[in-house]
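Here is how names work: the chains are called A, B, and so on, in the same order as the sequence lines, proteins then strands, and each is numbered from 1.
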Number of protein chains: 2
Amino acid sequence: MNKVKTYKSDAFAAIHETMSGMYDAGVIDKKTMHRFDEACLTPVHAFTATEIKALREREEVSQSVFALYMNVSKDAVSQWERGVKKPAGPTLKLLSLVKQKGLSAIS
Amino acid sequence: MNKVKTYKSDAFAAIHETMSGMYDAGVIDKKTMHRFDEACLTPVHAFTATEIKALREREEVSQSVFALYMNVSKDAVSQWERGVKKPAGPTLKLLSLVKQKGLSAIS
DNA sequence: TTTGTATATCGTACCAGGTTCTATACATTT
DNA sequence: AAATGTATAGAACCTGGTACGATATACAAA
């Protein structure tokens, strides 16, 4: 974390570089830098079955196509929307990305 | 899939809208439209343990921070890089996104 | 009407990925 | 010397995701 990362030019990159510079300059410590990384992440909250279905229908795709984007089976999507299985971990992360940035964010 | 989606203005959106228009006009059928959706997705290939470690080090973050981005435990990242566990499904999708667009793509 | 396609539900069963816990080791920091 | 950050290691557990059918509906075309 000592070097300044080579980011694509977006808001996040700019802020991160600024923070990295502050760390390099000794203005903030590693712990703060770590907490900053946490703060930068999109919050990953749980999704209810109906929320997932609403999200998919907002994107106007079928369960099959939605499954393709998420890289899961169509059965998985069906089970999410019926409350049979509850997505977690990386799956929640993907759902959060779609909710906040749209399907194109993960295409 | 009948209506044209309200996309953010990027290349993918433009192409997708064009394709949707072609579908609405009857130029292409549903099957083609579906195959188009597949083609638009970033290919999700498997990752070896060393590839994952190299990817993380390219982004210059620790296993803990990388785990935060992926929304998994730090142990999970460690297991990936040692070949103990092999990520699949949604996890592979996230790794692919990071590889092709950088960590900022999933922040 | 009949046929075919696309979509979605339902049930079963299985596998393995991810979690949690603990312990160890090393380098850096204070 | 003590504390912290990073990474490895192994074990047991749980459940998410997969795969296989079968069923049902809606809609368009033959």
Result for 5'-nearest mapping on DNA chain D, choosing between Trp80(A) and Asp75(A), is Trp80(A)
Here the distance between atom C1' of dT19(C) and atom CG of Leu92(A), to the nearest Å, is 14 Å
Using a 4.0 Å heavy-atom cut-off across all strands, classify Glu81(A) as base, sugar-phosphate, or nothing. nothing
Might you work through the side-chain contact (heavy atoms from CB on, under 4.5 Å) test for Leu94(A) and Leu97(B), ending with a clear yes or no? CA-CA 10 Å; Leu94(A) 280 175; Leu97(B) 285 174; 4.2 Å; yes
Does a side chain donor of either Thr50(A) or Thr48(A) reach within less than 3.5 Å of an acceptor in the other side chain? yes
State whether Thr91(B) places a side-chain N or O below 4.0 Å from either non-bridging phosphate oxygen (OP1 or OP2) of dG18(C). yes
Using a cut-off of less than 4.0 Å, is there contact between a side-chain N or O of Arg56(B) and OP1 or OP2 of dA7(D)? yes
Measure from the side-chain heavy atoms of Pro87(B) and tell me the nearest of dA8(C), dG18(C), dG17(D). dG18(C)
On a heavy-atom basis, which atom in Pro87(A) and which in Leu92(A) lie closest, and how many Å separate them? O-CG, 3.5 Å
Gln63(B) atom CD is separated from dG18(C) atom P, nearest whole Å, by 14 Å
dA7(D) P sits how many Å from Lys85(B) NZ, rounded? 19 Å
With rounding to the nearest 0.5 Å, note down the distance linking NZ in Lys101(A) to CD1 in Ile106(B). 9.0 Å
Rounded to whole Å, please give me the gap between CE in Met70(A) and C1' in dT18(D). 16 Å
Classify Lys86(A) by what it touches in the nucleic acid, base, sugar-phosphate, or nothing, heavy-atom distance under 4.0 Å. sugar-phosphate
Could you walk me through whether His45(A) and Lys99(A) pass the side-chain contact (heavy atoms from CB on, under 4.5 Å) check? CA-CA 11 Å; His45(A) 58 284; Lys99(A) 180 170 186 176; 3.5 Å; yes
Does dG18(C) have OP1 or OP2 sitting under 4.0 Å from an N or O in the side chain of Ser73(B)? no
In whole angstroms, how far is the P atom of dT9(C) from the CD atom of Gln79(A)? 11 Å
dA8(C), OP1 or OP2 - any side-chain N/O from Ser78(A) closer than 4.0 Å? no
Starting from P on dG18(C), measure out to CG on Leu68(B) and report it in whole angstrom. 16 Å
Arg82(B) side chain, from C-beta outward: closest of dT8(D), dG16(D), dG18(C): dT8(D)
Between C1' of dG18(C) and NZ of Lys74(B), the distance in whole Å: 13 Å
Nearest whole angstrom, please: distance from the C1' of dA6(C) to the CZ of Phe66(A). 19 Å
